[in-house]
Amino acid sequence: MTVKRIATIAGATLLATTTLTAPAQASFPFSCETGRVIPSNDGSLHVSGENCNSPVHSGGVNAEVTIRTGPAAGKYLCGLVLTYELHNNLGGFNCHPI
């Protein structure tokens, strides 16, 4: 095995180990003007929000999402939130009302 290949394998192993052992932290609280809530098969909710205050290129784990108006209005704790900066939208996965 070449030195370059050994270094690549060692680097990938270190990255994988660091990623798997990093503690999850609560992230930025998201707030959206309107949104929808869709039940998932596992009993959790999928939350989609429109006109959100999310920072550019953001997302988070264990994040609070607030929908301010409409039938889905309320606060949700989501296991994963992904934002879509082009339209100020977000998608929350594995969510529960709080």
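Quantities reported herein were computed from a predicted structural model and do not represent experimental measurements.
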Is any side-chain heavy atom of Val47 closer than 4.5 Å to one of Ile67? yes
Flag the pair Pro97 / Leu45 as yes when at least one side-chain heavy-atom distance between them is below 4.5 Å, and no otherwise. yes
Just how far is it from atom [atom1] of [X] to atom [atom2] of [Y], taken to the nearest 0.5 Å?
X	Y	atom1	atom2	answer
Phe30	Leu90	CZ	CG	6.5 Å
Cys32	Asn88	SG	CG	9.0 Å
Cys95	Leu80	SG	CG	8.5 Å
Ser44	Tyr76	OG	OH	12.5 Å

What's the shortest heavy-atom distance between Gly92 and Cys78, and which atoms? CA-SG, 4.0 Å
Other than Leu77, which residues form its hydrophobic cluster under the rule that side-chain heavy atoms must be closer than 4.5 Å? Ile98
Between Asn51 and Glu33 (side chain of the first, backbone of the second, donor and acceptor by atom type, cut-off under 3.5 Å), is there such a pair? no
Which residue pairs pass the salt bridge (Lys or Arg N to Asp or Glu O under 4.0 Å) test when at least one of the two sits in residues 41-51, sequence neighbours left out? Arg36-Glu50
Sequence-distant partners of His46, ring-ring contact (aromatic ring centres under 6.0 Å, His included), two or more places apart: Phe93
Ignoring hydrogens and angles, state whether a donor on the side chain of Ser31 or Arg68 is under 3.5 Å from an acceptor on the partner side chain. yes
